[in-house]
2 protein chains.
Amino acid sequence: MPDEDWTPPPVLLAVDLVIFTLRESALHVLLIERGVDPFRGSLALPGGFLEHDREDVLAAAHRELREEADLDASRLHLEQLGAYGAPDRDPRGRVVSVAYLAIAPGLPEPLAGTDAARASWTPVTEILAGRAELAFDHRDILDDGLERARSKLESSALATAFCATTFTINELQQVYEAVWGVELDLRNFYRKVQAVNDFIVPVGAERRVGRGRPARLFKAGDRTTLYPPLVRPIPATTTKGNP
Amino acid sequence: MPDEDWTPPPVLLAVDLVIFTLRESALHVLLIERGVDPFRGSLALPGGFLEHDREDVLAAAHRELREEADLDASRLHLEQLGAYGAPDRDPRGRVVSVAYLAIAPGLPEPLAGTDAARASWTPVTEILAGRAELAFDHRDILDDGLERARSKLESSALATAFCATTFTINELQQVYEAVWGVELDLRNFYRKVQAVNDFIVPVGAERRVGRGRPARLFKAGDRTTLYPPLVRPIPATTTKGNP
DNA sequence: TCAAAAGTGTTGTAACTACACCCATGA
DNA sequence: TCATGGGTGTAGTTACAACACTTTTGA
């Protein structure tokens, strides 16, 4: 045990962001190409160090979100994933990172001309398939973020954070299918989401795209927790109680 | 944005532990009485600073578990809750804490004579009722730990971590009742837990206590995730979809 | 032989899966 | 008028809450 006038060793604190969005019905994560060592040229999650001694960690996440992704706090979900503190995770020295999960509605363009033009949306399947290597322990952080998103779709209204202010039920279903990586029966999905009071509320208008019957538009309701939950079929890491 | 030769501000990193156990069918948390300022004399979660520059954060949690609670890593559940990084959470300066949730089987005695004799098991209901104040933001951390434990009982085999190597179904039920703060129908509980393959496996022996039919003894099985989950009745923060 | 604790059976219901079917629109 | 996407109806099944009932023990 440390003695009386011992002082604890300081560490550097970073914030990393797993920012998910839906583009062309597929789950994408925002990655940057690193311009400096270590891992220069590699892909990494956006993030950075705490800026000054009194900066709140959550505030730092919001700041990075603005600087690196040009994303505003409004209409955006942000929650902490956890701290990553292995001693050798950063070759520059002792850096502990607090990771955040952010969910954004599909943006019109991949943010050119901003401070962070080197950022780009990457399909998550690319990384899962091992076709892209990530710097540091960012692959672990991404995996944790994906699992968190998957599990929160079951029991919370998180899915609406992927959508614009108004959306169709089909668009909402595409969120579930992209994040869970499964196909859902659209007819059962329609009733299930509408059966949960205040999950989505009809906005009165309709949207017509090409042929086919126009779809009703909805907006997110007040409900944040879904009960009963929408359980994903055949969860990846679990099997049925009695096989 | 910081310029080229700017260096990030260092912070002090602490580890705090929410250690739950069951004593006399009630959920208890390990608290210490602080011997030094700030908050001298107040109750606080056990924890401490990172000991040296290269210490792994998880390893620090294990070390504190040993030093402050005399608990070994074997037969003990330990998982990270998250980082707590508000700038004013510690009056001594910038301290970011990584909190861990630990679950221990009921210990014989509250650990006298050890390095951490000032530690004592406190009923969680005492703190929830506001009859005990906690130092720093430890009340928030405790709340988060309790919610995590509650939710993990639903979908994982965490409950067995509260029990000794062998246990009766009734003892397991008491875990659920104490953590969730509800009463369960023992007859339905019996079948539900036994229906999940490899959640608990019979060990052959029985236990007899006073009068009444002896109970079969079980041990924890290999299964870690429960599917379908054991959902808690009337979750505190949620209501039914259609009221 | 009775109280107490352990454990089983049964019934009604909620919520789901699977799939047949109907509706509204543009080409 | 037909292909296309939006939406409803219904039957069989699973999981579960509620509660009556049987079993095994100590006093």
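By convention in this document, chain letters (A, B, ...) are assigned in the order of the sequence lines, proteins followed by strands, and residues within each chain are numbered from 1.
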Atom CG of B/Leu186 and atom P of D/dC21 are separated, to the nearest Å, by 17 Å
From the candidates C/dA6, C/dG7, C/dA24, the one with an atom nearest any side-chain atom of B/Asn170 is C/dA6
_Looking at A/Glu133, I'd like to know if its CD atom is crowded, meaning that more than 12 non-hydrogen atoms belonging to other residues, nucleotides or ligands lie closer than 6.0 Å._
no
Residues 160-172 of chain A vs side chain to side chain donor-acceptor pair (under 3.5 Å), sequence neighbours excluded, gives A/Glu171-A/Arg207
Which of C/dT8, C/dT25, D/dT23 is nearest the side chain of B/Arg213? It is D/dT23
Sequence neighbours excluded, the answer for side-chain contact (heavy atoms from CB on, under 4.5 Å) partners of B/Asn188 is B/Asp185, B/Arg191
Whole-Å distance, A/Gln174 CD to D/dG5 C1', equals 12 Å
A/Asn197 CG to C/dA14 P, in whole Å, measures 17 Å
Note: for A/Gly212 and A/Tyr190 on DNA chain D, the residue whose nearest nucleotide lies more 5' is A/Gly212
The bend of the helix from C/dT1-D/dA27 to C/dA27-D/dT1, taken between the axes of its five terminal pairs at each end and rounded to 10°, is 10°
By salt bridge (charged side-chain N to carboxylate O under 4.0 Å, His left out), A/Lys152 pairs with (sequence neighbours left out) A/Glu79
D/dT25 base / B/Arg211 side chain donor-acceptor hit below 3.5 Å
no
Rounded to whole Å, CD of A/Glu206 lies from P of C/dA24 at a distance of 10 Å
If you look only at distance, which donor and acceptor atoms sit under 3.5 Å apart when one is on a side chain in residues 210-218 of chain B and the other is two or more places apart or in another chain?
none

Rounded to whole Å, the CZ-C1' distance (A/Phe167 to D/dG6) equals 16 Å
Close N or O pairs between protein and nucleotides 16-18 of chain D (under 3.5 Å):
unit_1	atom_1	unit_2	atom_2	d
D/dA17	OP1	B/Lys192	NZ	3.4
D/dA17	OP2	B/Lys192	NZ	3.1
D/dA18	N7	B/Asn188	OD1	3.4
D/dA18	N7	B/Asn188	ND2	2.9
D/dA18	N6	B/Asn188	OD1	3.2

Here the distance between atom C1' of C/dA6 and atom CZ of B/Arg208, to the nearest Å, is 12 Å
In short, ring pair (Phe, Tyr, Trp, His ring centres under 6.0 Å) pairs touching residues 137-159 of chain A with sequence neighbours left out are A/Phe136-A/His138
Taken to the nearest whole Å, CD/A/Gln173 to C1'/D/dG5 is 12 Å
Atom CD1 of B/Ile169 and atom C1' of C/dG7 are separated, to the nearest Å, by 9 Å
Taken in chain and number order and not counting sequence neighbours, the residues that satisfy side-chain contact (heavy atoms from CB on, under 4.5 Å) with B/Ala164 are none
Hits for side-chain contact (heavy atoms from CB on, under 4.5 Å) against A/Pro123, two or more places apart or cross-chain, chain-then-number order -> A/His28, A/Thr125, A/Glu126
Practice problem: Test side chain to side chain contact (heavy atoms under 4.5 Å, CB included) on A/Leu43 and A/Ile32 and set out the steps. | Solution: CA-CA 6 Å; A/Leu43 291 172; A/Ile32 58 153; over 6 Å; no
